[in-house]
Amino acid sequence: MPDNTMYDKIVSSHLDALKRTGNYRYFLNVQKSAQSFPEFTFENADGNQKTAVNWCSNDYLCMSLDADVLQSLVRVAEESGAGAGGTRNISGTTVHHNRLESSLANLHGTESALVFGSAFMANLGALGALGKAFPGCIILSDERNHASMIEGIKVARCDKQIFRHNDAEHLESLLSELPIERPKIIAFESLYSMAGTVAPIQEFIRLAKRYNALTYVDEVHAVGVYGRGGAGLIEQQGCAGQVDMINGTFAKGFGTLGGYIASRTLLIDYVRSFAPSFIFTTSLPPAVCAATLTSVEKVRSQSGLQEAYQAHVCSFRRILREHTIHFDDNPSHITRVLIGNAARCKAIADKLLHEYGAYLQPINFPTVPEGEECLRLTVTLRHSEEHMRHLASALAETLASRETE
Ligand SMILES: Cc1ncc(COP(=O)(O)O)c(C=O)c1O
């Protein structure tokens with residue numbers, strides 16, 4: 001047996017450093033209830049059951065709780081079993097995968113779509129494969145891009161340049177220094193999930209055309225929630241059909257699990273053939289694909305759903321303002337209360353949970369840069385005005401409390 005002491009000491013020192021700076025992650029054991037969401041129960045440190053309201057779920061439209069979605073999930077699980085039993089290449093492609101891919105291509109008005117186990121895997125595989133496809137390729141990446149895009153860019157092993165967040169001028173200054181014939185990919189998110197900022201999509205597309213670049217856009221927090229039928233911010237901003245590749249998830253606005261890319265058939269075929277995170281993993285269970293298809297089609301067919309959700313976000317923000325809670329006035333549904341210190345952020349979240357029954361995950365480094373620690377509030381369609389008022393007064397008291405200074 002090797003002596004593990006040296007290895008364990010080193011690993012412990014890394015964990016201790018996280019604990020010292022308040023960045024160690026503690027997971028709350030949430031007993032999610034389809035009936036009473038956003039209310040849930042959890043077990044306290046002393047073993048008592050407590051109730052709280054979830055203010056950090058990404059199930060924005062509550063599609064994970066939708067009766068038709070659940071019915072599809074159960075029906076197809078009974079028909080086809082719990083799992084796919086193979087990779088897409090080896091018996092793991094079913095009619096449910098194919099139908100879902102057709103529906104996604106329809107949603108985005110693209111020729112094709114390709115389903116992955118998650119949007120993380122889709123970013124990893126697609127950016128990794130695209131960056132390797134073109135000799136001398138360079139990826140221009142927004143400084144706030146999600147970890148999955150950053151990992152995809154690492155996999156590509158091509159050159160990269162980072163442009164300032166949502167800064168078209170900076171992006172243009174980088175592009176203008178590059179030879180026009182050099183292959184380039186501009187990679188950004190339409191909606192940034194932590195600060196709730198929205199990219200200047202039209203402007204980035206204009207630059208891509210001018211400087212001969214492809215565009216790759218992560219719409220993970222926008223699909224379902226924005227645009228006609230939930231097609232996302234690209235569609236809402238009048239840019240449908242002008243982006244080369246879209247990345248989306250089923251795990252937020254659509255309420256299930258999995259991710260995808262949508263693009264022209266040639267690029268989809270290329271990623272399908274060259275992305276390890278697509279091919280060397282078991283495909284999504286057919287039941288998950290069927291439930292997701294029901295969700296996508298239902299979101300698409302409910303007129304006014306996106307507007308109703310935005311109205312709900314406006315009511316929430318109005319109530320926060322009434323309680324003089326300061327938050328970023330961004331144009332999205334993600335409400336950020338900046339705290340700027342990891343330990344304080346955690347102390348506030350702890351007090352909110354244990355004294356007021358309001359569950360907010362403190363967002364600390366490395367999810368956000370140090371100094372930008374924040375509380376990220378997400379309202380869902382099931383949060384009532386009473387829930388909102390309760391959170392607003394709990395936040396006002398907690399932020400003013402000396403205990404959390
Ligand atoms: C911007 C962004 N892209 C990709 C992902 C990954 O999505 P998924 O949960 O489907 O892996 C996330 C997840 O939170 C995200 O915020």
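Quick caveat: nothing in here was measured; it's all calculated off a predicted structure. As the structure lists them, so they are numbered: ligands from 1, and atoms in each ligand from 1.
Interatomic distance, OG of S277 versus CG of L124, reported as 4.5 Å (0.5 Å rounding).
Between the side chain of H390 and the main chain of Y356, a donor-acceptor pair closer than 3.5 Å is present.
Applying the 6.0 Å contact sphere to CD of Q71 captures no more than 12 heavy atoms from other residues, nucleotides or ligands.
Salt-bridge annotation for R336 and E372: present, with a side-chain N of the basic residue lying under 4.0 Å from a carboxylate O of the acidic one. With salt bridges taken as basic N to acidic carboxylate O contacts below 4.0 Å, none links D16 and R20.
Residues with a heavy atom under 4.0 Å from ligand 1: S118, A119, F120, N123, H146, S148, E189, S193, D218, V220, H221, T249, K252, G258.
Under the side-chain hydrogen bond (donor to acceptor under 3.5 Å, both in side chains) criterion, S64 pairs with K32, D59, sequence neighbours left out.
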